[in-house]
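What follows is a short report on a single structure.
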Amino acid sequence: IRYMKDCGMGYGSVNHPVDRDPVCGYNGIIEDVCPKCGRTEDAHNQPFERIRRITGYLVGTLDRFNDAKRAEESQRVKHEVPATDSAAE
Ligand SMILES: [Zn+2]
C-alpha cells in the first residue's frame with residue numbers, strides 16, 4: 001500500500017485469496033496439495049473451494065465464475081515489494 005502511494009496510484013486494492021478443503025476443513029492458501037491433510041483434488045474427487053474477489057466483490061468460489069472472470073483471475077500477477085528499512089522512516 002505504501003508502494004502504491006509512492007507511485008501516485010489513485011486507486012488500488014489488495015486481494016486475499018481464500019481456499020478451503022471441504023474434506024478436512026482447512027482454510028488458507030492451497031496450491032495443488034492441502035497442507036493440512038496432504039490430499040489433492042483428485043484424492044476424493046472433491047475440488048477445493050477457491051474464493052476470489054472479482055469486479056470488486058467476493059462472489060463465491062471460482063467454479064461459479066464465467067469464462068471472462070476465470071480468465072481475469074488466471075492472468076493475475078502477484079507483486080512483490082522489496083523490504084523497506086524501517087529505521088530510515
Ligand atoms: Zn485437507
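Whatever order the structure lists them in is the order used to number ligands and atoms, beginning at 1.
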Q) Which distance, rounded to the nearest 0.5 Å, do you find between the SG of C24 and the CZ of R39? A) 7.0 Å

Q: Mind checking the CG-OG1 spacing from D21 to T40? Nearest 0.5 Å is all I need.
A: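 Between D21 CG and T40 OG1, I get 10.0 Å after rounding to 0.5 Å.
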
(Q) Are C37 and Y26 packed together at the side-chain level, in the sense that at least one heavy-atom pair is separated by less than 4.5 angstrom? (A) no

Q | P47 side chain near E49 side chain, heavy-atom distance below 4.5 Å | A |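 No, side chains not in contact.
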
Q) With a cut-off of 2.8 Å, which protein N/O/S atoms are close to the Zn ion (ligand 1), if we only count those under it? A) D21 OD2, C24 SG, C34 SG, C37 SG

Q.
My understanding is that only residues two or more places apart in sequence, or in another chain, count here; which of them pass salt bridge (charged side-chain N to carboxylate O under 4.0 Å, His left out) with D19?
A.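 D19 satisfies salt bridge (charged side-chain N to carboxylate O under 4.0 Å, His left out) with R50, R52 once adjacent residues are dropped.
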
Q) So does N66 have more than 12 non-hydrogen atoms from other groups sitting under 6.0 Å from CG? A) yes

